[in-house]
Amino acid sequence: MRPAIPADVVEWQGASRMSAEATAAPAAEVDRGLPVAMRRALFSGLVAVTLAALVALMVRVLAPGGFGAFDLAVTVLFAITLPWTVIGFWNAVIGFLILRFADDPVAAVLPGVARVAPDAAIAGSTAILLCVRNEPPERVVRNLRPLVAGLAGSPYADRFHVYVLSDTSDPAIAVAEEAAFAGLAAEHDGRLALTYRRRRDNAGFKAGNIADFCNHYGDRHDYAVTLDADSVMPAEAVLRLVRIMEADPRLGILQGLVIGMPATSAFARLFQFSMRLGMRSYTVGSAWWQADCGPYWGHNAVLRLKPFMAHCELSALPGTGPLGGHVLSHDQIEAVLMRRAGYAVRVLPEETLGFEENPPTLIEFVRRDLRWCQGNMQYWRFLGLPGLRPVSRYQLLFAILMFLGSPAWIGLAVLGAAAAWLAGGDTLVDPGAGRLLVALLLPMWFAPQLATLADMLTRRDGAAAFGGRPALVANAAVAMAFMQLLVPIMWLAHTVFLAGLPFGRAIGWQTQTRDDHTVPIATALRLLWPQTLLGLGVLGLVAAAAPAALPVALLIAAGPALAVPLAVVTASPVVGRLARRLGLAALPEERAPPAILRAIAVATHDIRPGPPVAAAPSPAAAELPTCSRASAP
C-alpha cells in the first residue's frame with residue numbers, strides 16, 4: 001500500500017488509463033570486442049605513461065641551474081593539473097577512432113542498442129519526474145508540453161505518468177504552478193496522467209525531492225525518467241531510452257547525451273558550441289572503457305526504480321559545514337551505488353535525446369560551477385565506501401581533481417611570474433623544452449573539440465549541419481579562443497572558493513537565472529576584480545622581467561585580465577543580436593530547428609535586463625550569496 005501523503009505536501013492528480021505490468025526481459029547484454037578489463041588496462045597505461053612523460057619534460061624544462069625546492073614545488077603543482085588534461089586527451093583520441101572507423105559508434109560503446117527495434121512494445125510503467133523550485137511556471141510548461149503531448153499521442157500513453165515535483169517556496173509562484181500544471185493536465189485528461197506535488201520543506205534538495213517521490217509513488221512504476229526544470233526532451237527520446245532499458249534487465253541507469261539549446265546571449269552561444277564539439281568524442285571515448293560503470297548527470301536519464309530505491313538512498317553527511325549535510329552533487333554518488341549493487345550504468349551518446357539551457361552570463365556560469373565545486377568536494381567521504389568498483393572510485397576522485405587542479409594552475413601562474421621577476425632576466429628554464437611542453441599541452445587541452453572537428457571535417461557531409469567546413473572551422477576557432485579566456489577565470493573562482501570551504505564558505509543550491517540579462521560594469525568589477533588583479537599582475541611582472549615568456553603567460557593570464565569586459569560584452573544584448581545575425585557559434589538546431597524546438601519557439605525570446613546580482617559575502621570568490629536549507633534545484 002502506498003504511504004499516506006504528509007500533511008505538508010500539496011498534491012493533485014490528473015486521470016489516465018491503468019498502466020501495464022512489466023514483463024520479463026531477455027538476458028543482459030555483454031560487451032563485444034576487446035574485453036572491458038583490457039580496455040581499462042590499456043587506458044590506464046596510456047594515461048600513466050603520458051603523465052610520466054609530461055612530468056619528466058617539466059623537470060627538463062626546469063633543469064638549468066639545478067633542481068631545488070622551488071623547482072620541486074612547480075613540478076608538483078604541474079603534476080596536479082595534469083589528470084584532467086591527459087584523461088580528456090585519451091578519451092578524445094579513443095572517441096575519434098570509434099567515431100571515424102566503427103561501423104556503428106553507438107553500438108560500439110552500448111552493446112545491443114542496434115538490436116532494440118525502434119517500434120518495440122513497451123511493457124513497464126515509467127514515471128517522468130520533473131523537479132522545479134521557484135521557476136517561472138509558464139516557461140517550465142512550455143518546455144514540458146511537447147513531451148507530454150508526444151507521450152499522450154503514442155500507443156503507450158498508459159505506460160507513462162508525469163510527476164511535477166515542486167519545492168517552490170514563493171507563494172505567488174506556487175499558486176501559478178498549480179494553475180499552470182492543472183491546465184496542462186486538462187489538455188490530456190484521460191490519456192496521460194499528470195500529478196503535481198509540492199513540498200513545503202525541501203530537505204535534501206533535488207535528491208530529497210526524488211526520494212520523497214520514491215517513498216510515496218515509487219512502487220507504482222518500473223522506471224523513472226529524470227528531468228531538470230530546463231530540460232527539453234522529445235517523446236521519441238524517452239521512448240528510446242525506455243526501450244533500451246527494457247531490453248537489458250541488468251541496466252540500472254541509462255544516461256542520455258544532453259546538448260545545449262540555441263541561445264541568444266553571446267556567452268551561452270560560445271560556451272555551448274565548444275561543449276557541443278567536445279562532448280561527442282569525449283563521451284564516446286570514455287564510454288568505451290568505462291562501459292558498465294558510466295556516468296549519471298542527474299537529468300535526461302532513465303532509472304530502474306526498484307534497485308534505485310533499494311540501493312541509492314543518500315543520508316545526510318555528518319557535520320554542519322559546507323561539506324556536511326545533504327549531498328549537493330548527488331547524481332554520480334547514485335551512479336556508483338547502483339553499480340555497487342550489480343546494475344550497469346551506461347551512457348547513450350546520441351545528440352537527439354534532449355536539450356538543456358546553459359547559463360546566459362559569466363556571472364551565472366560561475367554561480368553554477370561553484371555549486372558543483374562544493375558538491376564534488378563532498379565526494380571524498382565516499383572514496384572509502386566498501387564494495388565500490390575501481391572505476392567508480394576513479395570517477396569520484398576524478399570529480400574532486402577536476403576542481404583541485406584549479407589552485408595548482410593559479411599557483412603555477414603566480415610562482416612563474418614571481419620567479420621571472422626575481423630572476424631579473426636570467427634564464428631559468430630550458431627554452432627548447434619549454435616550447436615543446438607548450439606545443440604538447442595546448443592541443444591536449446582542446447583534444448575533445450579537435451577530435452570531433454577532425455571527424456566532421458574528414459567526412460563528406462560531416463560539416464553540413466554546421467553551415468559547411470569554413471563556418472565550422474571559423475566558429476570552432478572562436479569558441480576555443482573564448483574557452484581559453486574563460487577557463488583561467490574559473491580557476492581563480494574555484495581557488496578562492498575552495499580556500500573558503502574550511503571557514504564555512506558555501507553556495508548551496510539556488511534557483512538559476514535562465515533568462516538573458518545584461519551584466520553592468522559595476523557588477524562585473526565587484527565580482528571579478530580578483531581575476532582582473534591576478535591577470536594584470538602576472539602579465540605585468542612577466543612583461544617587465546621576461547618579455548619573451550609573455551606569449552606563454554597570456555595563455556593563463558589573458559582571461560583573468562579581461563574578465564570584466566568579457567562578462568559585460570558576452571552578456572550584451574547588442575552583441576548577442578549581432579552574433580545571431582552573423583551565425584556566430586550557431587548550432588545545427590538553430591540553422592534547422594527540430595520540431596520540438598519549433599514547438600517551444602526557443603530562439604524567439606528577446607534579451608532583456610535581468611534581476612540585479614546579489615552582493616557576494618566575499619568578492620574574491622566571484623560568487624553569490626550563501627544559501628539555507630530552503631534552497632533547491
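Values reported hereafter were calculated over all heavy atoms of this structure, with side chains retained and with hydrogens, waters and symmetry mates removed.
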Identify all side-chain donor-acceptor contacts of residues 40-67 below 3.5 Å with residues at least two apart in sequence or on another chain.
| unit_1 | atom_1 | unit_2 | atom_2 | d |
| --- | --- | --- | --- | --- |
| Arg40 | NE | Trp289 | O | 2.9 |
| Arg40 | NH2 | Gln290 | O | 2.6 |
| Arg40 | NH2 | Asp292 | OD1 | 3.1 |
| Ser44 | OG | Arg40 | O | 2.8 |
| Thr50 | OG1 | Leu46 | O | 2.7 |
| Thr50 | OG1 | Trp90 | NE1 | 2.8 |

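Counting heavy atoms from C-beta on, the side chains of Met245 and Ile253 never come closer than 4.5 Å. Residues Met261 and Asp230 fail the side-chain proximity criterion, which asks for heavy atoms closer than 4.5 Å. Using a 4.5 Å heavy-atom cutoff, the side chains of Pro349 and Arg280 are not in contact. Counting heavy atoms from C-beta outward, Met483 and Phe271 have side chains that approach closer than 4.5 Å. With a 4.5 Å cut-off on side-chain heavy atoms, Asp331 and Thr226 do not count as touching. No side-chain heavy atom of Asp228 sits less than 4.5 Å from a side-chain heavy atom of Asn300. Looking at heavy atoms from C-beta onward, Glu334 lies out of side-chain contact with His311 at the 4.5 angstrom threshold. Put simply, the side chain of Asp455 does not reach to within 4.5 Å of the side chain of Ser281, judged on heavy atoms.
Separation of the Phe273 and Phe466 ring centroids falls under the 6.0 Å cut-off. Here the two rings, on Phe398 and Trp84, have centers that are under 6.0 Å apart. Annotation: Tyr343 is not in aromatic contact with Phe308 [ring centroid separation under 6.0 Å not met]. Phe365 has its ring centre less than 6.0 Å from the ring centre of Phe267.
The salt bridge (Lys or Arg N to Asp or Glu O under 4.0 Å) analysis of residues 377-395, with sequence neighbours excluded, yields no pairs. The stretch residues 82-94 participates, sequence neighbours left out, in no salt bridge (Lys or Arg N to Asp or Glu O under 4.0 Å) pair at all. Evaluation of the salt bridge (Lys or Arg N to Asp or Glu O under 4.0 Å) test over residues 75-90, restricted to residues two or more places apart or in two chains, returns none. Sorted by first and then second residue, the pairs that involve residues 401-415 and meet side-chain hydrogen bond (donor to acceptor under 3.5 Å, both in side chains), not counting sequence neighbours, are Ser406-His494.
Under the side chain to side chain contact (heavy atoms under 4.5 Å, CB included) test applied with Tyr379, the options Leu397, Leu396, Leu323 reduce to a single match, Leu396.
Note that CD of Gln272 and CE of Met279 are 12.5 Å apart. Values are rounded to the nearest 0.5 Å.
The two residues Ala263 and Ala268 make their nearest non-hydrogen contact at CB-CB, 3.6 Å. For the pair Cys293 and Val391, the tightest heavy-atom approach, listed with the atom from each and the gap, is CB-CG1, 3.6 Å. The two residues Ala585 and Asn475 make their nearest non-hydrogen contact at N-OD1, 2.9 Å.
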For this session: Take Trp288 and Leu34 through the test side-chain contact (heavy atoms from CB on, under 4.5 Å) and record every step on the way to the result.
Result: CA-CA 10 Å; Trp288 178 79; Leu34 192 66; 3.9 Å; yes

Exercise. Should Val564 and Leu527 be marked as a side-chain contact (heavy atoms from CB on, under 4.5 Å) after you check the CA-CA gap, both sets of side-chain angles, and the distance that decides it?
Worked result: CA-CA 9 Å; Val564 170; Leu527 296 174; over 6 Å; no

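Ser392 and Arg340 share no side-chain donor-acceptor pair at under 3.5 Å. Between the side chains of Gln449 and Ser274, at least one donor N or O sits under 3.5 Å from an acceptor N or O.
Under the rule for a salt bridge (charged side-chain N to carboxylate O under 4.0 Å, His left out), Glu356 has no partner lying at least two apart in sequence or in another chain.
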